[in-house]
2 protein chains.
Amino acid sequence: MDSIKLNDKQLALIEKLGLIFENGLQPASARIAALLLVSDKLELTFDEIRELLNLSKSATSNALNLLLSMERIEYITKPGDRKRYFKSNLSDWKENMKTKFLEFDKVHKTMREVLEQRPHSTKDFNQGLEEFINFMEFMNREIPVLFKKWELSKK
Amino acid sequence: MDSIKLNDKQLALIEKLGLIFENGLQPASARIAALLLVSDKLELTFDEIRELLNLSKSATSNALNLLLSMERIEYITKPGDRKRYFKSNLSDWKENMKTKFLEFDKVHKTMREVLEQRPHSTKDFNQGLEEFINFMEFMNREIPVLFKKWELSKK
DNA sequence: TTTTTGGTTCTGCAATAAGAGAACTAAATA
DNA sequence: TATTTAGTTCTCTTATTGCAGAACCAAAAA
């Protein structure tokens, strides 16, 4: 049966994934996000999370609320049960990934501004910069195409 | 002529780019990286950088060495001149961008590990997770193809 | 040989982050 | 009405970051 206890493999995976998620999350949130992917039981209560990860109540509360606000997790309730059951929000993850890919959109716009104010005298550099910007713009155009290609390939 | 003084537009761009670069860099390094793109003069000495950005010697030294070690900048020397002239390393930037794109490679591998240890009983979740992993793998396969397409389009 | 230049390294501080633990609270239960 | 539950919020510590300023150093110049 789906155990609430974590075995060694699962503990190791939580550490590993946790480190990956720490890019953009504080440690406690990162581990919770990892836990909710790794655990046999997918819907865990506040106290289960707290105990499995050895967190204080405050750390658990803040981390869960952060993840909820980022929509990386959500919770369900059960009739006649006051507890909330937290679970990973996989479908939103894909959205997140897409926006993350397009996040560097601002970069090329700002870089264009940089290019536009440069003196003509640094011609070689300006050309190199322009090529780099063009490359970023190319990627920005093509990545949404890839997304569509993926959606089509699923059908 | 190419001035070493920065005008208001340039100062604003350094702030703006600096914020963007702070993703992965400390503030001082981020501003230096920005400065070396924005400044009319592209090759700046230690002291010019220090004065233009109002940094201490130690902050300047550490930040420059960090950027050098990341190969985001490089320096040249001039005969009969003991100073080093620091400049942005644009060509390496493109390489950096490529590796950054492929950096999340580890993610899908670890996610596969997660999937493989999941109980069969959480079938729906496992399927969603698998689709997500497949999506990441798809992106990982296709992005190098995009790079090639770009290289070809330039010729 | 002494001084200057172009930095590097060390010490210390101020600000921020991360979380523990205790006090608190609102709704549900007894 | 009193108590328990399921959290939230507040206060305090500790660790880390980012940088300033001063001391230091090696090579070149005077």
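First the proteins, then the strands, lettered A, B, ... as listed; each starts at 1.
Spacing between atom CD of Glu51(B) and atom C1' of dA20(D) amounts to 16 Å, rounded to whole angstrom units. Put simply, CG on Leu44(A) is 16 Å from C1' on dG7(D), counting in whole angstrom units. Atom OH in Tyr85(A) sits about 14 Å away from atom C1' in dG7(D), given to the nearest Å. Put simply, CG on Asn62(B) is 14 Å from P on dT11(C), counting in whole angstrom units. Protein atom CD of Glu22(A) is 15 Å distant from nucleotide atom P of dA17(C), rounded to whole Å. Between the OH atom of Tyr75(B) and the P atom of dG6(C) there is a distance of 15 Å, rounded to whole Å. For the pair Leu55(B) CG and dA20(D) C1', the computed distance is 10 Å after rounding to whole Å. Put simply, CZ on Arg31(A) is 12 Å from C1' on dA18(C), counting in whole angstrom units.
Here Ile76(A) sits in one hydrophobic cluster together with Tyr85(A); the rule is ILVMFWY side chains under 4.5 Å apart, joined directly or through other members.
Checked by atom type and distance alone, the side chain of Ser61(A) never pairs as donor or acceptor with a backbone atom of Ser58(A) at under 3.5 Å. Of the possible donor and acceptor atoms, one in the side chain of Ser69(B) sits under 3.5 Å from a partner among the backbone N and O of Leu66(B).
For DNA chain C, no neighbouring residue in residues 64-72 of chain A is found when judged by any heavy atom under 4.0 Å.
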Where along nucleotides 22-30 of chain D does protein come under 4.0 Å, by heavy atom, of base (B) or sugar-phosphate alone (S), with - for untouched nucleotides?
-----BS--
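OP1 or OP2 of dC19(D) sits under 4.0 Å from a side-chain N or O of Gln26(B). The phosphate of dT8(C) has neither OP1 nor OP2 within less than 4.0 Å of any side-chain N or O from Arg50(B).
When heavy atoms are screened at a 4.0 angstrom cut-off, Ala28(A) is found touching the sugar-phosphate backbone but no base atom.
Nearest approach of Asn126(A) to Leu115(A), heavy atoms of both residues: O-CD1, 3.6 Å.
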Applying side-chain contact (heavy atoms from CB on, under 4.5 Å) to Ile143(A) and Met139(B), what does each step give before you reach the verdict?
CA-CA 9 Å; Ile143(A) 283 173; Met139(B) 292 302 283; 4.3 Å; yes
Gln117(B) and Val38(A): side-chain contact (heavy atoms from CB on, under 4.5 Å), yes or no, with the steps?
CA-CA 8 Å; Gln117(B) 63 85 47; Val38(A) 168; 3.9 Å; yes
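Residues Asp81(A) and Asn54(A) each lie close to DNA chain C; by heavy-atom proximity, the contact nearer the 5' end of the strand is made by Asn54(A).
Looking at heavy atoms from C-beta onward, Leu37(A) lies out of side-chain contact with Phe132(B) at the 4.5 angstrom threshold. A heavy-atom distance below 4.5 Å is not found between the side chains of Asn62(A) and Gln26(A).
Other residues, nucleotides and ligands contribute over 12 non-hydrogen atoms within 6.0 Å of the NZ atom of Lys154(B).
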